Visitor: 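Once you've had a glance at the structure underneath, I'll fire off some questions.
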Amino acid sequence: MATVNYKIDDKAKKDPTKIYVRFKDGPLDIETPTSIIVFKKHWSSSKQKVKPLAEADEYRDKINTQLTELKAKIYSQYNLDQHRGIKINTQWLKNVILIYDNKHTSTATDVEIFLTTFGDFYCNKSKERINPKTGKKLDNRTYLDLQNSVNKVKDYESTLATGPIRLDEVTIVFHKHFTDYLRTTEKLGENTIGGIIDNIVAMLKDAKKCGYIVCQDYKSKEFISPSAKTTDIYFNESEINKIKNYQFELDGYLDNARDWLIIGLWTGLRISDFLQLKKEDYNDGFIQNNNFKTGIPVIIPIHPDVQEILDKRNGELPREISDQNFNIYIKKVAEKVGISETIDGSKMKMVEKEDKTKVSRKVFGKYQKFELVTSHICRRSFATNLYGKIDTLTIMKITGHTTEKQFLDYVKITPKEYAIRLKQLWAKIYEKQNPVN
């Protein structure tokens with residue numbers, strides 16, 4: 001029969017000292033300290049609780065209650081984990097104590113330490129986390145992305161007969177079944193699935209730091225984050241000129257959207273930044289703002305096309321426009337100017353899941369180029385059109401990318417375009433070496 005007993009180390013130099021818990025069941029005999037402390041002279045070894053002394057009145061009832069609750073927690077967890085086949089050892093006992101401590105110090109959540117339970121805690125904690133690079137709180141979109149990953153696990157759990165998944169059950173087998181579920185049932189793309197797996201790994205690492213028992217399979221090479229090469233598009237300079245020179249109805253909604261598009265294409269800023277630009281940000285031939293998403297002060301020279309827009313509007317910026325309308329209108333702008341070649345790409349479309357419900361998902365296929373235009377084309381075009389013409393570091397300082405790898409993900413030059421560039425370079429070298437008399 002399982003027993004739980006408490007004791008203190010009478011020989012310990014520290015006073016107050018920690019209370020130890022000893023758990024026995026047949027040949028199993030494990031012991032570990034708790035976080036509960038008591039003065040030696042107040043401890044009753046025979047009754048395993050704080051003595052009813054006046055000088056212990058301030059804390060006696062609280063500690064004795066904690067010891068009773070912890071004992072009940074150990075028994076209930078033992079009965080549960082025995083049936084689940086969980087290995088019962090000293091680390092297991094430490095984990096049960098940690099669960100109890102977290103519940104009573106309000107530093108984490110309880111409920112058997114399931115992946116989704118810890119995930120919810122991790123997400124809430126992320127609201128207060130500080131980005132070490134910027135010194136600012138994490139963007140709300142980061143929190144939403146984390147919470148979406150937890151919600152996908154919850155959706156997956158609802159299909160299982162075994163119920164919620166514990167942190168020590170996140171194995172290679174879980175990884176295979178979960179990613180299969182995301183592909184076949186949720187109809188998610190490889191990069192989206194990869195992002196979810198990345199978030200789960202981050203949660204598992206944090207759970208391990210907190211002292212929870214976590215399956216170490218997430219460190220395996222088989223616990224991969226799926227990915228697929230993207231087919232994102234950009235506007236080359238010829239297409240940008242077509243957009244700039246097209247005669248839309250003066251100051252109509254497409255004219256307004258086109259002007260914002262040109263500003264985005266020649267500043268390299270995120271949509272959340274360039275649509276928030278103010279007249280005072282434009283000064284002496286430069287755009288300067290210290291409040292962009294990256295938190296890094298940015299100074300950008302005003303491109304002649306952007307200056308034309310300011311001159312056309314008597315120094316004023318185009319009318320305000322929402323992110324949503326901008327994305328809708330620039331597709332129409334690209335269609336109007338004739339950017340309609342058929343290319344490979346991914347477009348958001350309604351697809352049917354296994355349960356017959358319809359969801360919006362990116363679907364790869366052949367589309368007319370204007371159909372694939374979104375606000376992200378601005379930064380991609382800026383980076384791609386300048387790449388190879390000036391040094392990469394200069395472009396990165398403007399786009400706000402902190403690593404070359406991040407930056408190169410935005411460069412969308414095709415192998416054919418690289419070949420054309422090399423051909424043009426060779427032609428220039430030949431002309432220089434063989435001048436016409």
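Only this structure's heavy atoms are used, side chains among them; waters, hydrogens and symmetry mates stay out. What you see is a predicted model; the values in this text were computed from it and never measured.
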Visitor: Could you tell me whether the side chain of N191 and the main chain of S227 form a donor-acceptor pair under 3.5 Å?
Guide: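 It does not hold such a pair.
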Visitor: Taking E239 for its side chain and N236 for its backbone only, find out whether a donor-acceptor pair lies under 3.5 Å.
Guide: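 Yes; judged by distance alone, with no hydrogens or angles, the pair exists.
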Visitor: Can any side-chain N or O of T159 pair as donor or acceptor with the backbone N or O of D155 at less than 3.5 Å?
Guide: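 Checking the backbone N and O of D155 against the side chain of T159, no donor-acceptor pair under 3.5 Å is found.
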Visitor: Quick check for you: to the nearest 0.5 Å, what is the distance between F326 atom CZ and I271 atom CD1?
Guide: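 F326 atom CZ to I271 atom CD1 measures 5.5 Å (nearest 0.5 Å).
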Visitor: Answer whether the closest heavy-atom distance between the side chains of Q368 and F370 falls below 4.5 Å.
Guide: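 Yes, side chains in contact.
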Visitor: Counting C-beta onward and ignoring hydrogens, is there a side-chain heavy-atom pair between K244 and L261 closer than 4.5 Å?
Guide: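 Not touching, per the 4.5 Å side-chain cut-off.
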Visitor: Heavy atoms only: give me the nearest I88-D81 pair and the separation to one decimal.
Guide: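 Residues I88 and D81, closest heavy atoms: CD1-CB, 4.1 Å.
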Visitor: Just do the side-chain contact (heavy atoms from CB on, under 4.5 Å) check on L188 and I196 with the steps written out, would you?
Guide: CA-CA 10 Å; L188 295 176; I196 292 172; 3.9 Å; yes
Visitor: Quick one: do Q66 and K62 satisfy side-chain hydrogen bond (donor to acceptor under 3.5 Å, both in side chains)? Show the steps, please.
Guide: CA-CA 6 Å; Q66 287 179 335; K62 178 181 178 181; 5.9 Å; no
Visitor: So, E316 and K279, do they make that salt bridge, N to O below 4.0 Å?
Guide: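 Looking at K279 together with E316, the answer is yes, because their closest N to O distance falls below 4.0 Å.
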Visitor: Run the side-chain contact (heavy atoms from CB on, under 4.5 Å) test on I377 and F235 for me, step by step, so that the C-alpha distance in whole Å, both residues' side-chain angles and the decisive distance to 0.1 Å come before the verdict.
Guide: CA-CA 7 Å; I377 201 169; F235 289 140; 3.7 Å; yes
Visitor: To the nearest 0.5 Å, what is the distance between CD on E249 and OH on Y253?
Guide: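 Output value for this atom pair is 9.5 Å.
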Visitor: Can you check whether Y181 and Y156 have ring centres sitting under 6.0 Å from each other?
Guide: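 So the answer is yes for these two rings.
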Visitor: Could you tell me whether a side-chain N or O of T185 sits under 3.5 Å from a main-chain N or O of L182, the two making a donor and an acceptor?
Guide: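 No, the answer is negative, given that no donor and acceptor are paired below the 3.5 Å cut-off.
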Visitor: What are the two closest non-hydrogen atoms of T116 and V150, and how far apart are they?
Guide: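 Looks like O-CG1, 3.9 Å.
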Visitor: Quick check: closest heavy atoms across Y282 and V306, and the distance to 0.1 Å?
Guide: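 For Y282 and V306, the tightest heavy-atom pair comes out as CE2-CG1, 4.1 Å.
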Visitor: Rounded to the nearest 0.5 Å, what separation is found between the OG atom of S126 and the CZ atom of F121?
Guide: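 The OG atom of S126 sits 10.5 Å away from the CZ atom of F121.
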Visitor: Is it true that a side-chain atom of S322 and a backbone atom of N325 form a donor plus acceptor pair closer than 3.5 Å?
Guide: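 Answer holds: yes.
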Visitor: Without swapping roles, check the side chain of E157 against the backbone of K154 for a donor-acceptor pair under 3.5 Å.
Guide: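 Answer holds: no.
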Visitor: Do K332 and L254 have side-chain heavy atoms sitting under 4.5 Å apart?
Guide: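 Side-chain contact under 4.5 Å: yes.
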Visitor: Between Q276 and D281, is a side-chain hydrogen bond (donor to acceptor under 3.5 Å, both in side chains) present by the stated rule, with each step listed?
Guide: CA-CA 10 Å; Q276 299 302 316; D281 295 325; over 6 Å; no
Visitor: Quick one: list whatever passes side-chain hydrogen bond (donor to acceptor under 3.5 Å, both in side chains) with K94, sequence neighbours left out.
Guide: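 Once residues adjacent in sequence are excluded, K94 has no partner under the side-chain hydrogen bond (donor to acceptor under 3.5 Å, both in side chains) criterion.
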Visitor: Under the criterion salt bridge (charged side-chain N to carboxylate O under 4.0 Å, His left out), I'd like the reasoning laid out for D255 against R319: C-alpha separation, chi angles, the key distance, then a yes or no.
Guide: CA-CA 10 Å; D255 182 57; R319 296 188 308 278; over 6 Å; no
Visitor: More than 12 heavy atoms of other residues, nucleotides or ligands under 6.0 Å from CD of E352: is that the case?
Guide: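 Counting neighbours around CD of E352, more than 12 heavy atoms of other residues, nucleotides or ligands fall under 6.0 Å, so yes.
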Visitor: From I233 CD1 over to T384 OG1, what is the distance, rounded to the nearest 0.5 angstrom?
Guide: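 Rounded to the nearest 0.5 Å, the CD1-OG1 separation comes to 11.0 Å.
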Visitor: Are the side chains of R270 and H376 in contact, using a 4.5 Å heavy-atom criterion?
Guide: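 When only atoms from C-beta onward are counted, R270 and H376 do not touch, as no gap falls below 4.5 Å.
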Visitor: Hey, are the side chains of L204 and F118 touching, using non-hydrogen atoms and a 4.5 Å cut-off?
Guide: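 Not in contact.
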Visitor: Under 3.5 Å, side chain of D145 to main-chain N/O of R141, donor-acceptor pair present?
Guide: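 Not at all, since once roles are kept as given, no pair shorter than 3.5 Å links the two residues.
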Visitor: Measure from the side-chain N and O atoms of D168 to the backbone N and O of I213, and report whether any donor-acceptor pair falls under 3.5 Å.
Guide: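 Absent.
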Visitor: In the structure I gave you, are the side-chain heavy atoms of D25 and Q82 within less than 4.5 Å of one another anywhere?
Guide: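 Touching, per the 4.5 Å side-chain cut-off.
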Visitor: Run the numbers on Y78 and Y75 for ring-ring contact (aromatic ring centres under 6.0 Å, His included), then give the verdict.
Guide: CA-CA 5 Å; Y78 180 61; Y75 282 134; 8.2 Å; no
Visitor: Is it the case that the side chain of D206 and the backbone of A202 share a donor-acceptor pair, with hydrogens and angles ignored and the cut-off at 3.5 Å?
Guide: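 Judged by distance alone, no pair lies under 3.5 Å.
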Visitor: Roughly how far, to the nearest 0.5 Å, is the CH2 atom of W260 from the CG atom of L275?
Guide: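 Between atom CG of L275 and atom CH2 of W260 there are 5.5 Å.
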Visitor: Would you indicate whether K347, at its atom NZ, is surrounded by more than 12 heavy atoms from other residues, nucleotides or ligands within a distance under 6.0 Å?
Guide: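 Enclosed.
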Visitor: How long is the span from the NZ atom in K312 to the CG atom in D251, to the nearest 0.5 Å?
Guide: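 Spacing of NZ (K312) from CG (D251) equals 7.5 Å.
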Visitor: How far apart are the closest heavy atoms of I263 and P318, and which atoms are they?
Guide: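 Shortest heavy-atom separation between I263 and P318 comes out as CD1-CD, 3.8 Å.
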Visitor: Is there a side-chain contact between I37 and I19 (heavy atoms, below 4.5 Å)?
Guide: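 No; the side chains remain at least 4.5 Å from each other.
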Visitor: Between I197 and H175, does the side-chain contact (heavy atoms from CB on, under 4.5 Å) criterion hold? Intermediate values first, please.
Guide: CA-CA 8 Å; I197 296 299; H175 176 277; 4.1 Å; yes
Visitor: Can you run down the salt bridge (charged side-chain N to carboxylate O under 4.0 Å, His left out) pairs that involve residues 179-191, sequence neighbours left out, and say none if there aren't any?
Guide: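 Listed once each, the pairs are K152-E186, K176-D180, D180-R183, R183-E190, E186-K353, E186-R361.
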Visitor: How far apart are the C-alpha atoms of N327 and T374, what are their side-chain angles, what is the distance that settles it, and do they pass the side-chain hydrogen bond (donor to acceptor under 3.5 Å, both in side chains) test?
Guide: CA-CA 5 Å; N327 274 290; T374 68; 4.6 Å; no
Visitor: Verify salt bridge (charged side-chain N to carboxylate O under 4.0 Å, His left out) between K389 and E237, making sure each step is shown before the conclusion.
Guide: CA-CA 13 Å; K389 297 179 181 177; E237 292 189 44; 2.4 Å; yes
Visitor: Using side-chain contact (heavy atoms from CB on, under 4.5 Å) as the criterion, point out the one residue from T90, V96, N95 that pairs with W92.
Guide: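 That would be V96.
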Visitor: Please determine whether the number of non-hydrogen atoms from other residues, nucleotides or ligands lying under 6.0 Å from atom CD of E320 exceeds 12.
Guide: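 No, CD of E320 has 12 or fewer neighbouring heavy atoms, counting only those of other groups under 6.0 Å.
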Visitor: Between D273 and R379, is a salt bridge (charged side-chain N to carboxylate O under 4.0 Å, His left out) present by the stated rule, with each step listed?
Guide: CA-CA 11 Å; D273 290 331; R379 275 163 65 77; over 6 Å; no
Visitor: Do the side chain of E341 and the main chain of I339 share a donor and acceptor less than 3.5 angstrom apart?
Guide: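 No; zero donor-acceptor contacts below 3.5 Å.
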Visitor: What is the minimum heavy-atom distance between A207 and V214, and which atoms define it?
Guide: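 Heavy atoms of A207 and V214 come nearest at CB-CG2, 3.8 Å.
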Visitor: Looking only at non-hydrogen atoms, find the nearest pair between L372 and D344 and report the distance.
Guide: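 The pair with the smallest heavy-atom distance is CD1-O, 4.2 Å.
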Visitor: Quick one, L28 with F23, criterion side-chain contact (heavy atoms from CB on, under 4.5 Å). Give me CA distance, side-chain angles, the key distance, then yes/no.
Guide: CA-CA 8 Å; L28 179 68; F23 181 74; 3.8 Å; yes
Visitor: Could you check whether atom NZ of K362 has more than 12 heavy atoms from other residues, nucleotides or ligands sitting under 6.0 Å from it?
Guide: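 No - once you tally the heavy atoms of other residues, nucleotides and ligands closer than 6.0 Å, there are 12 at most.
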Visitor: Would you mind reporting whether N385 and I240 have side-chain heavy atoms less than 4.5 Å apart?
Guide: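 Yes. Closest side-chain heavy atoms under 4.5 Å.
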